[in-house]
Amino acid sequence: MDILADLKWRGLLADCTDFEALGKRLVEGPLTLYCGFDPTADSLHVGNLVPLFGLRRFQLAGHRPIALAGGATGMIGDPSGRSSERNLQTREQVDHNIAQIRGQLSRFLDFDCPTHAARLVDNATWTAPISYLDFLRDIGKHFSINVMVGKESVRARMESDTGISYTEFSYMLLQAFDFCHLRQEFGCELQTGATDQWGNITAGIDLCRKRLHTTVWGLTHPLLTKSDGTKYGKSASGAVWLDAARTSPYRFYQFFIQSEDADVGKLLRVLTFLPQEQVEDLERQQAANPGARPAQTALAREITTLVHGKTACEDAIRASAILFGGELAGVQESTFNEIVGEVPTREIERSRLEGPGLALTEVLVHAGLCPSKGQARKDLEGGGIYLNNVREAAVQRLVTTNDLLFGKHVLLRKGKRTYTVVTAR
RNA sequence: GGUAGGAUGCCGGAGUGGUCAAUCGGAGCAGACUGUAAAUCUGCCGGGCUAACGCCCUUCGAAGGUUCGAAUCCUUCUCCUACCA
């Protein structure tokens, strides 16, 4: 299957400046394409995986991807898809974020491939040295304000209460310049991105035509949404990050295991590299026996392995099996230790549990499962608290050293799936 | 610079002297049903104390003031919005 057909089947094609011409170009031979990632944080999140995996899909199909880290654009702030002005990041923040993100970008692409190796670039390398006057003369001259204010990203903000600063208004010039530069430097002919990047991408295409008299293309991926239309990739505790320090592999795995039936088919297509037959087979299994959740299991395994590696994924699977396996009665110490470190863990001084012990409500607050003792009491009364996987409804319950598993740990659970291990020290 | 309007809990948004820790909706958390799914129903949803009835503390942009009593009235300040210049 050719790359465009594959992307289409996966639902990854939102728009293209010229499907037909691009399709023709793609069969002629390897093409160089790029996609940019701004360092708005020190880690990418699952939403970024759609365009990033897009680059990988192109590389697997024999093309040359360039992942661009926005060291320059990250200093400015993209107004696209934002209803209000961004806070400028300090240079130090951007530098730190860029360093982290470069590492993440490089994990999914092959830089050693002899025929179509990937590249990692930073737009600060070519943007920073240019003087303001040169930029205005060489780049700015090609832009019509009339066209710029017509772009969705600008118009939306001009109509909003907060407006748009000159800084963010200029963002599209920088991104357009990137495309132009990459066309000149590496013969890059295609830029990809999420749909909100359409305006910035077409700005680059126009600039290439005007400055270089050459035709390049743009291709956008749909924004990843849930079946109810809301944005995908946010859990209750915020975004789902690729950085294991921000979102542990266990939590990452759990996020996908908990996918809704209505979404899981789409997620398999968009976030994994499983072939069409296999995805369709999983969807059939899911429809036949939804309770077994074969699709969620496959999805979580695939993507956790891609992002965190085989070992971390297997650890997450084992920890999940223990936690969601019911009673802890027969569990061995070595097995239990596997979940310590996977789920959030808090320490407590052993002395506080000795003698009469410590109120369970206090332990819950200490563990971070409940925001206050009052809330902990209510959660207990509501039957939502489990001590070592056994429901505990007594508000006055004290936790003592007798509750320690293997003399060390207490497993606390709130609701169906929020766990914390408290370790005596 | 002028005029008018606004600022309420995570968000939206009622309330315009006591019955207000503040209607309602959304989000969130928990329970029931299930499948670590969705939908639905129920409870909770500022903090502390209590087994509980209940009690106490801190909130309605900020600071003062009027009053027995203020989110609600007055003064000043800060910020936002609209129109005018």
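Here the structure is a predicted model, which means the values were calculated and not measured.
- Separation of the C1' atoms belonging to B/A85 and B/G9 is 39 Å when rounded to the nearest angstrom.
- To the nearest angstrom, C1' of B/G31 lies 13 Å from NZ of A/Lys414.
- Under 3.5 Å, the side chains of A/Gln175 and A/Asn200 contain a donor-acceptor pair of N or O atoms.
- In this structure, the CD atom of A/Gln286 is 12 Å from the C1' atom of B/A38, given to the nearest Å.
- A/Gln254 comes within contact range of at least one nucleobase, with a heavy-atom separation under 4.0 Å.
- When distances are taken from the side chain of A/Asp379 to each of B/A52, B/C29, B/A38, the shortest belongs to B/C29.
- Put simply, CD on A/Glu392 is 15 Å from P on B/G31, counting in whole angstrom units.
- Salt bridge status for A/Asp403 with A/Arg397: present, with a side-chain N to carboxylate O gap under 4.0 Å.
- Here B/G17 sits opposite no nucleotide as a Watson-Crick or G-U wobble pair (both hydrogen-bonding atom distances under 3.5 Å).
- Taking atom P in both B/G43 and B/G26, the straight-line distance is 14 Å, to the nearest Å.
- Between A/Leu267 atom CG and B/A38 atom C1' the separation is 14 Å, expressed in whole Å.
- For the residue pair A/Asp78/A/Gln197, the side-chain donor-acceptor check at 3.5 Å is satisfied.
- The same atom, P, is picked in B/G18 and in B/A71; the two are 11 Å apart, to the nearest Å.
- Taking a 6.0 Å sphere around CZ of A/Arg246, one finds it holds more than 12 heavy atoms contributed by other residues, nucleotides or ligands.
- In this model, the phosphate group of B/G48 is approached by a side-chain N or O of A/Ser372 to a distance below 4.0 Å at OP1 or OP2.
- When each of B/G35, B/U36, B/C49 is scored by its nearest atom to the side-chain atoms of A/Arg377, the top-ranked nucleotide is B/C49.
- A salt bridge links A/Glu314 to A/Lys310: one of the charged nitrogens lies within less than 4.0 Å of a carboxylate oxygen.
- Rounded to whole Å, the separation between the C1' atoms of B/G13 and B/G17 comes to 22 Å.
- In this structure, A/Gln375 atom CD and B/G43 atom P are separated by 16 Å, rounded to whole Å.
- B/U66 is unpaired under the criterion used here, namely a Watson-Crick or G-U wobble arrangement in which both key atom distances are under 3.5 Å.
- Residue A/Tyr386 holds its OH atom at 12.5 Å from NZ of A/Lys414, rounded to the nearest 0.5 Å.
- Computed from coordinates, the A/Ile317 CD1 to B/U36 P distance equals 17 Å when rounded to whole Å.
- Between the NZ atom of A/Lys373 and the P atom of B/C29 there is a distance of 24 Å, given to the nearest Å.
- Nucleic acid contact class of A/Arg391 (heavy atoms, under 4.0 Å, all strands): sugar-phosphate only.
- Contact check, A/Lys378 against B/C45: a side-chain N or O comes under 4.0 Å of OP1 or OP2.
- Here A/Gly291 lies in heavy-atom contact (under 4.0 Å) with a base.
- Pairing partner, B/A71: none, since no Watson-Crick or wobble contact has both distances short of 3.5 Å.
- To the nearest whole angstrom, the two C1' atoms, one in B/U8 and one in B/G61, are 10 Å apart.
- The P atoms of B/C10 and B/G46 are separated by 9 Å, rounded to the nearest whole Å.
- Across all strands shown, the partner of B/U81 is B/A4, judged by Watson-Crick or G-U wobble contacts whose two distances both fall under 3.5 Å.
- Applying the Watson-Crick and G-U wobble criteria (two distances, each under 3.5 Å), B/C41 pairs with B/G31.
- The 5' end of RNA chain B is approached more closely, in terms of each residue's nearest nucleotide, by A/Gly384 than by the other of A/Glu381 and A/Gly384.
- Atom P of B/C11 sits at a distance of 25 Å from the matching atom of B/U19, rounded to the whole Å.
- Under the Watson-Crick or G-U wobble criterion, with both distances below 3.5 Å, B/C24 is paired with B/G12.
- The distance from atom CD1 of A/Ile385 to atom P of B/C44 is 17 Å, rounded to the nearest whole Å.
- One finds a salt bridge joining A/Arg269 and A/Glu283 here, because a Lys/Arg side-chain nitrogen approaches an Asp/Glu carboxylate oxygen to under 4.0 Å.
- Checking the phosphate oxygens (OP1, OP2) of B/A37, a side-chain nitrogen or oxygen of A/Lys416 falls inside 4.0 Å.
- Taking atom C1' in both B/A22 and B/A30, the straight-line distance is 24 Å, to the nearest Å.
- Of the candidates B/G31, B/U50, B/A38, B/G31 carries the atom nearest the A/Tyr386 side chain, counting heavy atoms from C-beta on.
- For the pair A/Val395 and A/Ser320, nearest-nucleotide mapping onto RNA chain B gives the more 5' position to A/Ser320.
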